Amino acid sequence: MLDPKRLRSEPERIAEQLRRRGYHLDLDRLRDLEARRREVQVRAERLQAERNARSKAIGRAKAAGEDIEPLKAEVAALGEALEAAEAELAAVQAELEALYAELPNLLHESVPDGEDERHNVEIHRWGEPRVFDFPVRDHVELGAALGGLDFEAAAQISGARFVVMRGELARLHRALIQFMLDLHTAEHGYQEVYVPYLVNADSLFGTGQLPKFAEDLFAVAGDSGLYLIPTAEVPVTNLVRDRILDPDALPLRFVAHTPCFRAEAGSYGKDTRGMIRQHQFEKVELVQIVAPEASWAAHEALTRHAEVVLERLGLPYRRVLLCAGDTGFASAKTYDLEVWLPGQNAYREISSCSHFTDFQARRMRARWRNPQSGRPEPLHTLNGSGLAVGRTLVAVLENYQRADGRIDVPEALRPYLGGQAVIG
RNA sequence: GGAGGGGUGGUAGAGCGGUCGAAUACACCGGUCUUGAAAACCGGCAGGGGCCCGCGCCCCUCGUGGGUUCGAAUCCCACCCCCUCCGCCA
């Protein structure tokens with residue numbers, strides 16, 4: 001949610017900034033709604049004030065023992081006009097709120113122009129893609145040969161875009177999770193949290209998935225009103241919904257491992273092979289809740305925290321700054337980390353680290369008491385994958401494969417596999 | 001699932017048809033005192049919104065939504081959530 005006051009005071013500037021993302025803000029409609037809102041609100045509030053004043057007068061008259069019947073008749077006459085004005089106000093406000101709810105966040109000035117991923121800007125690379133002296137296999141072949149990745153079994157149980165993992169690969173997958181959680185809690189100052197995987201619509205509105213992106217979500221059958229989480233961002237960030245935090249409670253740094261569920265509507269035919277794009281996958285998520293003045297530094301720090309995972313695992317990657325058109329709805333600025341996948345001969349996204357400024361905080365009413373002003377003001381929220389576990393497994397398999405089809409275990413993971421150095 | 005109790009400001013907790021947006025305490029902010037701090041004392045202090053250049057005025061909010069009433073934190077109905085006990089259960 002953008003600041004409604006700014007939307008009112010400088011709509012042209014905001015429209016211009018939204019245009020960078022290819023979003024067209026209908027200024028005429030906004031101005032028209034705003035004008036109506038103002039007129040109706042002033043009228044409704046005047047009638048309410050009138051009603052309140054007269055009701056109080058009745059109270060006084062009654063206490064003084066006067067006849068209150070004529071006064072009552074007067075107020076009754078107000079009733080109809082008041083009711084109509086209130087209904088009109090509610091309608092205009094609902095329309096305005098619906099408009100506001102669909103506006104994406106403003107982009108940070110450092111975000112480059114551009115329509116789509118072709119215009120993203122590489123910031124830096126780490127590591128050298130390995131040169132193989134044997135034919136490289138992708139994770140699907142490697143997994144099949146090892147007997148650890150079974151897409152057919154998953155299809156029978158559930159359908160496309162699921163996987164069954166077995167034996168050493170299932171264990172490797174779990175080891176990755178443990179490794180990431182330990183790293184972020186022990187070295188990066190995050191508190192581990194365990195959160196619900198089913199959330200209500202208010203939470204999804206708070207982080208920006210609803211109302212606009214309902215088709216990406218799995219809703220639970222029945223009348224619970226619950227949805228499967230598409231990312232831990234939703235339950236974890238909503239920990240501060242409707243709260244006013246003390247400055248000395250900040251920053252909050254949370255790390256959570258959860259499964260993520262995505263309908264992947266609109267991605268038909270994309271990444272259909274292997275476990276790059278699944279309906280269900282595991283992710284270790286980093287979330288920070290910070291004071292606004294600390295937030296840009298926090299974004300850089302959080303992105304580093306995710307990069308460290310790749311570096312400890314010895315996986316070559318690059319950091320990419322998303323351009324205007326590729327930056328997500330709620331984000332002001334996003335870095336993607338792309339890991340090198342020999343099986344695809346390409347860098348593929350494995351982490352997305354976003355700064356939401358006050359956009360989510362406004363939707364969630366997540367505030368802190370700013371000691372400067374003494375008033376509650378919106379916080380800043382950030383998050384990033386640290387990392388997507390399924391894709392990390394893919395990266396380990398493909399980057400550490402041997403000519404015999406077995407997999408070397410990265411040094412950092414060995415303690416989590418009882419010292420084992422090779423899989424297969 | 002059954003029975004009972006309860007949801008009020010940053011927190012705890014009074015209020016149970018009109019001058020209550022709300023006692024009191026704690027927390028917090030400012031001041032006095034002090035070399036400084038603590039203590040003590042004095043004062044301030046809910047959130048959201050609107051109008052106005054401003055002083056300021058007004059509206060809404062006591063879990064949510066309806067209803068009764070001239071008037072609702074207070075009465076009625078529904079729903080949600082929390083607690084206690086019983087049953088069932090990983």
Side-chain angles (χ1 to χ4, degrees), chain A residues 1-9 11 30-101 194-206 220 222-227 235 238-250 252 289 291 358 360-379:
Chain A
M1 187 91 66
L2 300 179
D3 183 352
K5 286 185 182 129
R6 282 195 60 196
L7 217 34
R8 224 170 284 158
S9 61
L30 179 67
R31 267 192 274 262
D32 172 59
L33 277 172
E34 200 38 65
R36 269 169 60 208
R37 191 227 88 228
R38 174 193 286 238
E39 186 273 314
V40 177
Q41 183 165 351
V42 168
R43 181 151 47 87
E45 289 188 1
R46 250 184 222 142
L47 287 165
Q48 284 169 332
E50 183 77 20
R51 192 258 332 260
N52 292 345
R54 297 201 185 194
S55 288
K56 278 189 183 160
I58 291 176
R60 279 193 299 271
K62 198 176 174 189
E66 295 166 20
D67 179 18
I68 59 171
E69 285 311 316
L71 291 168
K72 281 166 86 164
E74 261 183 67
V75 184
L78 270 175
E80 232 172 273
L82 179 59
E83 229 169 275
E86 280 176 343
E88 206 181 330
L89 179 60
V92 178
Q93 269 170 345
E95 219 175 316
L96 262 177
E97 272 162 33
L99 175 65
Y100 285 179
Y194 171 84
V195 291
Y197 303 157
L198 294 170
V199 295
N200 58 36
D202 282 347
S203 295
L204 288 158
F205 179 85
V220 173
D223 54 8
S224 67
L226 296 172
Y227 298 79
N238 274 280
L239 286 170
V240 295
R241 172 150 56 90
D242 259 319
R243 292 182 55 193
I244 300 173
L245 302 179
D246 280 335
D248 53 12
L250 302 172
L252 292 174
I289 314 289
D358 58 0
Q360 293 181 326
R362 258 179 226 291
R363 293 167 82 99
M364 288 191 296
R365 294 168 305 278
R367 294 162 294 170
W368 70 307
R369 199 168 290 279
N370 183 348
Q372 237 86 65
S373 67
R375 310 212 59 82
E377 295 173 8
L379 286 156

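Each chain gets a letter, A, B and so on, in the order its sequence line appears, and its residues count up from 1. All figures in this text were calculated on a predicted structure; none of them were measured in a lab. Values below: every heavy atom of this structure, side chains too, minus hydrogens, waters and symmetry copies.
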Quiz item: Any side-chain donor paired with an acceptor under 3.5 Å for A:N200 and A:S203?
Solution: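 Distance-only check passes for A:N200 and A:S203.
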
Residue-phosphate contact under 4.0 Å: [X] side-chain N/O, [N] OP1/OP2:
X      : N      : result
A:R38  : B:rC52 : yes
A:N52  : B:rC70 : no
A:R369 : B:rG47 : yes
A:R51  : B:rC60 : yes

Give the nucleotide from the list [options] with an atom nearest to the side chain of [X].
X     : options                : result
A:K56 : B:rC51, B:rU19, B:rC59 : B:rU19
A:Q41 : B:rC60, B:rG50, B:rG48 : B:rG50
A:K5  : B:rG49, B:rG71, B:rG10 : B:rG49
A:I58 : B:rG18, B:rC59, B:rG50 : B:rG18

Provide, to the nearest angstrom, the distance between the [atom1] atom belonging to [X] and the [atom2] atom belonging to [N].
X      : N      : atom1 : atom2 : answer
A:E39  : B:rC59 : CD    : C1'   : 16 Å
A:D242 : B:rU64 : CG    : C1'   : 13 Å
A:R43  : B:rC51 : CZ    : P     : 15 Å
A:R375 : B:rG9  : CZ    : P     : 17 Å
A:E45  : B:rC52 : CD    : P     : 12 Å
A:L245 : B:rU11 : CG    : C1'   : 14 Å
A:W368 : B:rG47 : CH2   : C1'   : 18 Å
A:L7   : B:rG49 : CG    : P     : 14 Å

Quote, to the nearest angstrom, the [atom1] distance that separates [N] from [M].
N      : M      : atom1 : answer
B:rC53 : B:rG48 : P     : 23 Å
B:rA14 : B:rA25 : P     : 15 Å
B:rG71 : B:rC33 : C1'   : 49 Å
B:rG17 : B:rA72 : P     : 14 Å
B:rC62 : B:rA39 : P     : 36 Å
B:rG67 : B:rC60 : P     : 16 Å
B:rG63 : B:rA73 : P     : 10 Å
B:rC28 : B:rC20 : P     : 29 Å

Both distances under 3.5 Å, Watson-Crick or G-U wobble: report the partner of [N], or none.
N      : answer
B:rA22 : none
B:rC85 : B:rG2
B:rG56 : B:rC51
B:rC28 : B:rG44

Under 4.0 angstrom, heavy atoms only, what part of the nucleic acid is [X] near: base, sugar-phosphate, or nothing?
X      : answer
A:R243 : nothing
A:P376 : sugar-phosphate
A:R8   : sugar-phosphate
A:R367 : sugar-phosphate

Measure the spacing between [atom1] of [X] and [atom2] of [Y] and express it to the nearest 0.5 Å.
X      : Y      : atom1 : atom2 : value
A:N238 : A:M364 : CG    : CE    : 5.5 Å
A:L89  : A:L47  : CG    : CG    : 11.0 Å
A:E88  : A:R43  : CD    : CZ    : 4.5 Å

Exercise. For A:E45 and A:Q41, run side-chain hydrogen bond (donor to acceptor under 3.5 Å, both in side chains): C-alpha distance rounded to whole Å, both residues' side-chain angles, the deciding distance at 0.1 Å, then the answer.
Key: CA-CA 6 Å; A:E45 289 188 1; A:Q41 183 165 351; 3.1 Å; yes

Quiz prompt | Residue met sooner reading RNA chain B from 5', once A:E50 and A:E377 are mapped to nucleotides | solution =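 Here A:E377 is the residue nearer the 5' end.
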
Practice problem: Using heavy atoms to find the nearest nucleotide of RNA chain B for A:Q93 and A:D246 separately, return the residue whose nucleotide is more 5′. | Solution: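 Of the two residues, A:D246 wins.
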
Self-check item: Close side-chain approach of A:L252 and A:L239, heavy atoms under 4.5 Å
Solution: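 No, every pair of side-chain atoms sits at 4.5 Å or beyond.
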
Quiz item: Would you say A:R375 and A:N370 make side-chain contact, with heavy atoms under 4.5 Å?
Solution: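 They are not in contact (no side-chain heavy atoms under 4.5 Å apart), so the answer is no.
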
Self-check item: Ion pair check, A:R46 and A:E50, cut-off under 4.0 Å
Solution: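 Salt bridge absent between A:R46 and A:E50.
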
